[in-house]
Amino acid sequence: MPTILILDNIADEGIRLLEAEDGFEVEVRPGLSGTELHDALMSADGAICRSGVQIDESALKDNRRLKVIARAGVGTDNIDKKAATRQGVVVMNTPTGNTFSTAEHTFALLLGLSRNIAPAHSSLINGSWDRKGYLGNQVADKILGIVGLGRIGQEVAKRAQAFQMHVMGYDPFLTSDQAAKLGIELMTSVDEMLPHVDYLTVHTPLTPETENLVDDDEIQSMKSGARLINCARGGIYNEDALLRGLESGKLAGVALDVFKEEPCTESPLFSHPAVLCTPHLGASTEEAQTRVAVEAVQLLVNYFKTGEIRHSVNIGAVDPATLKSLRGYLNLAHRTGVFLSQWSSGGIERCKLEFRGNIANEDTRLLTSAFCAGLLQRVLEGEVNIVNAQVLLRDRGIQLAEHHDSEMGAFSSSLTISVGTDETEWVAGGTIFGNDMPRLIRLDNMILETYLDGTMLVFTHQDTPGIIGAMGTILGEYNINIAQMSVGRAATDAPGGLSIGVLNLDSCPSEDAIKAINAHEGIHQSAVIEMPPAGELPSWLL
Ligand code: NAD
Ligand code: MLT
């Protein structure tokens, strides 16, 4: 009989549903940590949590019994998913149960900020009838900027439109057609959007790209009097920079539901009069808590009764023999996705995968899933894996196509992937050297041969003598070591035309180093692409 451990306070409806199921033992033990948590998990088959418990590697160490963790909510950042995968534990979440509640809370904060609801309330109940001190702003005809137009971002947009706001947005995975249907003015970057907005709200996960997304420079680029809201994850706005923005008068207000460190009961922001804060209440409604608790229980019950894995954020159901034979190409496909998510500049509407040579005769569906997982993994909450990646891509309206040609080209097997729109396309081609060494052999129309790992500096330049030397000198001045180097040009081009260079670096170049590179007259453009280190496999491929 499976024992299910409930590690956070979840809605009674969920607990009652689980208790009503035949053959399940239920233990409710909120507030566990350290050895107590570890020991409790050792004697459980399944667990349900919210964000109040940290399930890290030590909590799962040596656990041979636990099969599945269901998160009643969206964010799974409190669960070490790599550790869970290594332990063979499926992690599932309930992605839609709290979407409306969080969108509503965002809008409540936006309106609360605009009309000084919290300070006016305090002032009145403290005996002051002050009708001048709390002059607010109307939101109608103002511009709301939304970063992250997934489930919650889109619901916030609808609510803003109902209040007659003009909505601008940025999300690398929203196409212009989808944005047009949603009535959202799609911007090509956050930086492009910031100078226009009166209100800014973020609805992305916390990732390396979104951490400190809004810092001092971004605040300076905004209109004076802008108001900022965060109901996603603490750390997306730099909290110190917010305070500086408020103190300088640049920002008219800041509303936060989430904080870099939680629980957060002390912050210099709390004493500023234009700050409105709630203790991570976005999903705290009866409706949302009932839905996520019931959904989490249903996920667990179905898993134990039928083996069904839904909304998994860490595991792909693949049989071990296929996994072994395709491991090298799964790694290549995944890396090509990670590469193209950074090489392309967003607005992807379709992806085309061309399998050539021996690989064209294999089960390429899995390779396509591995590519999709790589393409999405830097922008979505949790680890995207080969079970959910294609669905997530199609959910975003992105079309996928596979082409197969079992005739060998220059390599016994190769994979060429193009992503883009009808107007713009980015292409990357790769192969495997030996059993497991992924190499990039084509970039757009350029032919080259380069490692597909670590920090890659890719630059296009005029094919004239001295460019590579100049790059080496600039990087040397910034104390950056070049580990590998490769140059290439289009197959049809003679020397002297456009050329491409790829340097694999031992550290990431600073903004100043990039500025110095771009300032060189021979360089047309450059990009830093962060790839997994050599030999590192995604957790679902370990
Ligand atoms: P979602 O996966 O549907 O949407 C996230 C969107 O962010 C995606 O469309 C993705 O393309 C976009 N994105 C990722 N990186 C980006 C970047 N660098 N720039 C622009 N866009 C980027 O997720 P969701 O359900 O809408 O949830 C969004 C966030 O809200 C999650 O982090 C979640 O944990 C948080 N959340 C908070 C609460 C709360 O109680 N405050 C409740 C629910 C969810
Ligand atoms: C979530 O990610 O679902 C929210 O942050 C809400 C919660 O933690 O319960």
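Counting starts at 1 for both ligands and their atoms, following the listed order. Note: hydrogens, waters and symmetry copies are ignored here, and every other heavy atom, side chains too, is used.
For the residue pair Q178/T175, the side-chain donor-acceptor check at 3.5 Å is satisfied. Side-chain atoms of S51 and N78 include no donor-acceptor pair closer than 3.5 Å.
With salt bridges taken as basic N to acidic carboxylate O contacts below 4.0 Å, none links E287 and R291. In this structure, E536 does not pair ionically with R335, as no charged nitrogen and carboxylate oxygen lie closer than 4.0 Å. A salt bridge between E262 and R233 is absent, with no side-chain N of the basic residue lying under 4.0 Å from a carboxylate O of the acidic one.
Ligand-side atoms of ligand 1 in range of V147: 19 (N), 20 (C), range being under 4.0 angstrom from any heavy atom. Heavy-atom contacts of Y170 reach the following atoms of ligand 1: 19 (N), 20 (C), 21 (N) (cutoff under 4.0 Å). Ligand 1 places these atoms under 4.0 Å from at least one heavy atom of G75: 34 (O). Distances below 4.0 Å separate heavy atoms of H203 from the following atoms of ligand 1: 5 (C), 6 (C), 7 (O), 28 (C). Close contacts of ligand 1 with P172, meaning ligand atoms under 4.0 Å from a residue heavy atom, involve 19 (N), 20 (C), 21 (N), 22 (C). Each of the atoms 39 (C), 40 (O), 41 (N) of ligand 1 lies under 4.0 Å from some heavy atom of H280.
Residue R233 touches ligand 1 through its side chain alone, judged by heavy-atom distances below 4.0 Å. Here D257 has side-chain heavy atoms under 4.0 Å from ligand 1, and that is the only part of it that gets that close. Contacts of T204 with ligand 1, taken as heavy-atom pairs under 4.0 Å, involve both backbone and side chain.
Remark: distances from the non-hydrogen atoms of N98 to ligand 1 include one below 4.0 Å. Under a 4.0 angstrom heavy-atom cut-off, T207 registers as lying outside contact with ligand 1. In this structure, H105 has no heavy atom closer than 4.0 Å to ligand 1.
Sorted by chain and number, the residues within 4.0 Å of ligand 2 by heavy atom are R50, S51, R71, G73, V74, G75, N98, R233, H280, A283.
Considering backbone and side-chain atoms together, I152 places an N or O closer than 3.5 Å to an N or O of ligand 1. Backbone and side-chain nitrogen or oxygen atoms of C231 are examined, and one is located within less than 3.5 angstrom of a nitrogen or oxygen of ligand 1. Distances between N or O atoms of A283 and those of ligand 1 include at least one value under 3.5 Å. At least one N/O-N/O distance between D171 and ligand 1 falls below 3.5 Å. Polar contact check, T99 against ligand 1: no nitrogen or oxygen pair lies under 3.5 Å apart.
Summarising the local packing, CZ of R115 is surrounded by 12 or fewer heavy atoms from other residues, nucleotides or ligands at distances under 6.0 Å.
Legend: residues meeting side chain to side chain donor-acceptor pair (under 3.5 Å) with E19, ordered by chain and number and at least two apart, are absent. Scored by the side chain to side chain contact (heavy atoms under 4.5 Å, CB included) test, N212 finds D215, N238 as partners (sequence neighbours excluded). Annotation: side chain to side chain contact (heavy atoms under 4.5 Å, CB included) contacts of A59 (sequence neighbours excluded): L37, L41, I55, D56.
A pairwise comparison of heavy atoms in T421 and G347 identifies CG2-O, 3.2 Å as the closest pair. V502 and F459 get closest at one heavy-atom pair: N-CE2, 4.3 Å. Residue G225 comes nearest to A252 through the heavy atom pair O-CB, 3.3 Å, listed as atom of the first residue, atom of the second, then distance.
The CD1 atom of I236 lies 10.5 Å from the NZ atom of K260; values are rounded to the nearest 0.5 Å. To the nearest 0.5 Å, atom OG1 of residue T204 and atom CG of residue L213 are 6.5 Å apart.
Taking all heavy atoms of A103, A232, G150 into account, the minimum distance to atom 35 (C) of ligand 1 is reached by A232. The option from V258, I146, T210 that lies nearest to atom 18 (N) of ligand 1, judged by heavy atoms, is T210.
Taking the six-membered ring for Trp and thresholds of 30 and 60 degrees, F24 and F304 have ring planes more than 60 degrees apart, a perpendicular arrangement.
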